[in-house]
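Following: one structure in structure tokens, then a few remarks.
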Amino acid sequence: MTIPTPVWPRPVGPTLHFPAELMLAAQSVRAAIFDVDGCLTDGRIYIGEAGETVKAFSTLDGHGIKLLARAGIVPVVITGRDTPAVRRRCADLGIVHALYGIHDKLAAAEQVLQTLALDWQELAVIGDDWPDLPLMVRCALACAPAQAHAEVRAVAHHVTAVPGGQGAAREFCDLLLMAGGHYASLLAGHLTTLDGAAR
């Protein structure tokens, strides 16, 4: 019996699949807005004795955001809170367009769109609660984490399989990357270098 010679590296291809209507809706997306609490985190806020706020972020989400930027889709953070932890996370991920302590997310989103010279049909949004609704009902693709409020899930084009802070934002990123035709090449790039960057 002949044992086949192994091929290294083994071929890897995309295994994710999203419905065709989602892919179509997301094809024109050039920027993606992320809420923080409940989307990039699990929504819980830990407050220590000294009053400091501690949040847990997913590395899966972080890498997804970096991949979006590499694909030319601008990641944007609009959040109602302003904490050193959130500012540090955005800085670590290289997010240039981040707005903190925002009470009127609609006005903030319109400001970002104007800055980027984009319109609502070139924007995707992931949000989990009522303050995100004005954005979600206007954008090309609205996404909600699994644990989002019922009214938010009702208007979302896509509800993720996992909750916020546990890979929901990565699923959102993966959908946008697949719709834009970037996913397969980015995946292949990671087979030759640690971060998928061209060498």
Side-chain angles (χ1 to χ4, degrees), residues 12-19 22-41 57-79 86-100 105 108-109 111-113 115-128 132 135-136 138-145 148 156-191 193-198:
V12 175
T15 59
L16 291 180
H17 297 282
F18 294 98
L22 286 179
M23 300 282 280
L24 187 61
Q27 275 184 343
S28 62
V29 168
R30 299 292 175 266
I33 291 179
F34 297 81
D35 176 42
V36 174
D37 293 318
C39 292
L40 294 181
T41 75
F57 297 93
S58 166
T59 57
L60 280 173
D61 294 343
H63 194 61
I65 289 171
K66 288 181 177 180
L67 291 173
L68 271 191
R70 190 175 300 157
I73 300 172
V74 180
V76 178
V77 163
I78 299 179
T79 177
V86 174
R87 286 182 176 262
R88 169 66 186 272
R89 184 59 173 158
C90 289
D92 287 349
L93 294 177
I95 298 174
V96 175
H97 302 280
L99 302 173
Y100 311 98
K105 289 193 174 184
Q111 174 189 329
V112 169
L113 287 172
T115 299
L116 297 175
L118 299 175
D119 61 38
W120 284 101
Q121 290 309 304
E122 296 173 293
L123 181 68
V125 175
I126 183 167
D128 73 311
D132 304 308
L135 282 59
M136 297 178 72
R138 288 171 169 82
C139 66
L141 182 78
C143 190
H157 298 107
H158 179 65
V159 177
T160 64
V162 294
Q166 298 181 42
R170 179 58 175 272
E171 187 175 327
F172 174 60
C173 292
D174 289 342
L175 169 55
L176 297 178
L177 291 169
M178 292 195 82
H182 309 289
Y183 189 92
S185 61
L186 287 167
L187 177 61
H190 279 68
L191 299 180
T193 65
L194 181 63
D195 62 0

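No hydrogens, no waters, no symmetry mates; every other heavy atom, side chains included, goes into these values. This structure is a prediction, so every number in the text was calculated from the model and none was measured. One is the number of the first residue; the rest follow in order along the sequence.
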Using the ring pair (Phe, Tyr, Trp, His ring centres under 6.0 Å) criterion, which residues pair with H158? Sequence neighbours excluded. F18

Quick check for you: to the nearest 0.5 Å, what is the distance between E122 atom CD and D119 atom CG? 4.5 Å

Any chance you could measure D174, atom CG, to Y183, atom OH, to the nearest 0.5 Å? 4.5 Å

Step by step, would you call F34 with C173 a side chain to side chain contact (heavy atoms under 4.5 Å, CB included)? CA-CA 10 Å; F34 297 81; C173 292; 3.7 Å; yes

Report yes if the side chains of H190 and L67 come closer than 4.5 Å at any heavy-atom pair, otherwise no. yes

Sorted by chain and residue number, the ring pair (Phe, Tyr, Trp, His ring centres under 6.0 Å) partners of Y100 (sequence neighbours excluded) come out as none

Nearest heavy-atom contact between T59 and R89 is CA-NH2, 4.1 Å

Atom CG in D35, atom CG in L40: separation rounded to 0.5 Å? 7.5 Å

Please check this pair: side chain of T160 against backbone of G167, looking for a donor-acceptor N/O pair closer than 3.5 Å. no

NZ of K105 to CG of L135, rounded to nearest 0.5 Å, is 7.5 Å

Let's go through L186 and R70 carefully: what are the C-alpha distance in whole Å and the side-chain angles of both, what is the deciding distance for side chain to side chain contact (heavy atoms under 4.5 Å, CB included) to 0.1 Å, and is it a yes or a no? CA-CA 9 Å; L186 287 167; R70 190 175 300 157; 3.8 Å; yes

Testing the basics here: between P145 and I126, what is the closest heavy-atom pair and its distance to 0.1 Å? CD-CG1, 4.2 Å

Looking at CG of L16 and CD of E171, how far apart are the two atoms once the value is rounded to the nearest 0.5 Å? 8.0 Å

From CG (L141) to CE (M136), nearest 0.5 Å: 9.0 Å

Can you tell me which residue among V77, V76, I33, V112 is in a side-chain contact (heavy atoms from CB on, under 4.5 Å) with L99? V112

Closest contact, heavy atoms only, I73 versus P75: O-CD, 3.2 Å

List the atom of G127, the atom of D132, and the distance in Å for their closest heavy-atom pair. CA-OD2, 3.4 Å

Heavy-atom nearest pair, V29 first then A140, reads CG2-CB, 4.4 Å

Least distance between heavy atoms, A26 atom then L176 atom: CB-CD2, 3.9 Å

Would you sort out whether F57 and V36 count as a side chain to side chain contact (heavy atoms under 4.5 Å, CB included), showing the intermediate values? CA-CA 9 Å; F57 297 93; V36 174; 4.2 Å; yes

Carefully, step by step, assess L175 and M23 under the rule side chain to side chain contact (heavy atoms under 4.5 Å, CB included). CA-CA 7 Å; L175 169 55; M23 300 282 280; 4.2 Å; yes

Heavy atoms of other groups near K66 NZ, more than 12 under 6.0 Å: no

